[in-house]
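Heads up, the thing below is written out as structure tokens.
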Amino acid sequence: MNLFAHFQHNVRAAIDALAREGKLPQGLDLNRVMVEPPRDSAHGDLATNAAMVLAKSAGMQPRAIAQLVADRLVADPDIQSTDIAGPGFINIRLKASFWPKLLDAALAQGPQYGRSDMGGGEKVNVEYVSANPTGPLHVGHCRGAVFGDALAELLSRAGYAVAREYYVNDAGAQVDVLARSAYLRYREALGEDIGEIPSGLYPGDYLKPVGQALAFDHDKALLDMSEAAWLPIVRDKAVAMMMDLVREDLATLNIRQEVFVSEKSLHISGEVDRTVEDLRARDLIYEGRLPPPKGELPEDWEDREQTLFRATQFGDDIDRPLIKSDGSYTYFASDIAYSRHKILRGFSELVYVLGADHAGYVKRLEAIGAANAGNKDVKVIVRLCQLVKLFRDGEPVRMSKRAGEFVTLREVVEEVGSDVVRFMMLYRKNEAPLDFDFKKVTEQSKDNPVFYVQYAHARICSVFRNAGGLAESAEKPDFSRLVDEAELQMIRRIGEYPRLVEAAAVAHEPHRIAFYLYDLASDFHALWNKGKESPQLRFILGSDMQTSLARLALLRVIRYVLANGLGILGVKPVEEM
RNA sequence: GACCCCGUAGCUCAGUUGGAUAGAGCAACAGCCUUCUAAGCUGUGGGUCGGGGGUUCGAAUCCCUCCGGGGUCGCCA
């Protein structure tokens, strides 16, 4: 149960009743009436802004409305008292008897506590990583990969039907370069001395297995062919092997996207052609000239007439070219086809997770979506992930792209582990830059949030291991025995969880889960520490089995929430450390 | 030149989409514990939310403007 949603419903019902009785005007818009946790728990358990929000349309003083609503609410069997504060907040204090009910419900839901049907099964497409299939993933891909994956999981737990997707850029000039690089490795595999890899080609050793595979498959047959003949063969093999590599890299982070859409297939199947025809039929394409780009003028800039999409009609800054000077489609053209492809598959929300260097693409992606949607209601949501700066014990880790010295995703995961990478990538807002220190993130101390949260889970498991027969008791726990302030704080925190999941999903901000888990762990550790000072607050009391059972059941619920939240982030809830 | 992101305590960052007296963690300071539920605990100080203007009952949050930091800017992918 979501207690805020529950009481929000009750507050709105109270207002409706007052309107029926003529004490408030009829037909007030209650959409903005919210029930939220108060900033300061000293104010009570819940607060509503109803009076302030309705004051204007009701033509009444906020405090007068607040008085009416507050008086009505005290009749609610779960509400102890109400009071009015500040400009017209109604603070609500719940009866002590309410919290056991909340825990009963949470315990009954078990690992599902926090799941929501808010999304109503709406189809959401989350596209992330989509790195070029020209080599292994590097550390720069980490954040988007983890963010996209956690966001997809979050939306799924909030009731959306989510597809996790990867767009394979297997059609452009870069994969031709890949093919030429792999061809060299092929000749190398056949015993030829290829010397230095020429600049402009990919030098990495990861292409050697591609060369060997080509030699195995084709022996010397490719040597006598013209480039035009061997290139497609080599390219397909290289792309397939690179995508295997990418999938393996992602698997080290427990990321397994289920849909991989090939750009090339959009061309072959004619979808790009059809998309352009569609747009042309709707007069969204014209032949025209673009103004020269601002800033430094590219050397090969020429003012020429080209085929343009009316992106400005959908909010973009400039109309975008669809056809290159050599007559082939631009990348942008296949982008439109891909967006259309998603919409035709029934997605009503398209989420793109991109690196911050792609900020300039936001408007055109939105424009594409709007154009393809036509009169359908399709949301385009772009989330940008800022750079990750690597440190080792405070010293920046240098990377030189020219020398080919980049840190791969796999190196990072192998050094610190998937859980650490995932948690740390999410323990920051996505649009804020992130410092990642190899030493700090693996420290086993309270200062390391990954450890801090996982340790809370492990500690709970440890209590159950020590609880003996009590741990398996089938007796219904009597939660009314939990009356200490630290216990109540714990319960209130648990009560916030379902609302938090929904809010994080709406905002597309998985980091909120990470911060919540930290707070939850913090409450738990505080409770644990209180047991050190005050033995009567220990979880297992030899003298009082009923209280022990209630506390163990509370721990069970905390554990469900920790495991549930960590599950959204894709971090394992470890049982021992 | 245009557009996007960022600017909150000494440091690293949250801030529940416009709510109440702006919060954590480090660091600092002051105590406590030397134990068992291993990888400490409690408390204190610390702020012109980059500056200024506006919107309204109410702004760190929305709008305008300026300052500072980062990023991007036809046909590449």
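Every chain is numbered from 1, with letters handed out A, B, ... down the list of sequences.
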query: With distance as the sole criterion, is a donor-acceptor pair present between the side chains of A:Arg459 and A:His525 under 3.5 Å?
result: yes
message: Could you check whether any side-chain heavy atom of A:Leu54 comes within less than 4.5 Å of a side-chain heavy atom of A:Leu30, counting everything from C-beta outward?
response: yes
task: Measure the shortest side-chain to side-chain distance between A:Ile336 and A:Val276 over non-hydrogen atoms and say whether it is less than 4.5 angstrom.
output: no
- request: Select from A:Leu527 and A:Pro321 the residue whose nearest nucleotide in RNA chain B is closer to the 5' end of that strand.
  value: A:Leu527
field: Residue mapping more 5' on RNA chain B - nearest nucleotide basis, A:Tyr518 or A:Leu290
entry: A:Tyr518
field: Base-pair map of RNA chain B as dot-bracket, where | denotes pairing with a different strand and pairs are Watson-Crick or G-U under 3.5 Å
entry: (((((((..((((.....[...)))).(((((.......))))).....(((((..]....))))))))))))....
- request: If a protein heavy atom is under 4.0 Å from the base, mark B; if only from the sugar-phosphate, S; if neither, -; do that for nucleotides 28-36 of chain B going 5' to 3'.
  value: --------S
- request: Summarise protein proximity over nucleotides 7-23 of chain B in one line of letters, 5' to 3': B for base, S for sugar-phosphate only, - for none, counting protein heavy atoms closer than 4.0 Å.
  value: -----SSSSBB-BB---
- prompt: Between A:Tyr516 and A:Tyr518, is a ring-ring contact (aromatic ring centres under 6.0 Å, His included) present by the stated rule, with each step listed?
  reply: CA-CA 5 Å; A:Tyr516 170 84; A:Tyr518 184 85; over 10 Å; no
message: If I pick the P atom on B:rG52 and the same atom on B:rA9, what distance separates them, to the nearest angstrom?
response: 16 Å
- request: With P as the reference atom in both, quote the distance from B:rG1 to B:rU61 in angstrom, rounded to an integer.
  value: 27 Å
Step through the shown structure and confirm whether more than 12 heavy atoms of other residues, nucleotides or ligands are within 6.0 Å of [atom1] on [X].
X        : atom1 : value
A:Glu395 : CD    : no
A:Lys324 : NZ    : yes
A:Gln61  : CD    : no

message: Tell me the closest heavy-atom pair linking A:Ala486 and A:Lys530, and the distance in Å.
response: CB-CD, 3.6 Å
message: B:rG40, OP1 or OP2 - any side-chain N/O from A:Lys446 closer than 4.0 Å?
response: no
Out of B:rA39, B:rC3, B:rA77, whichever nucleotide has its closest atom nearest the side chain of A:Lys363: B:rC3
message: Syn or anti for B:rU17? Use the chi torsion, O4'-C1'-N9-C4 for purines and O4'-C1'-N1-C2 for pyrimidines, with syn inside 90° of 0.
response: syn
message: One pair to check against ring-ring contact (aromatic ring centres under 6.0 Å, His included): A:Tyr338 and A:Tyr167. What are the steps and the verdict?
response: CA-CA 9 Å; A:Tyr338 182 33; A:Tyr167 184 45; 4.2 Å; yes
message: Which label fits A:Phe515 and A:His511: parallel for a plane angle under 30°, tilted from 30 to 60°, or perpendicular past 60°?
response: perpendicular
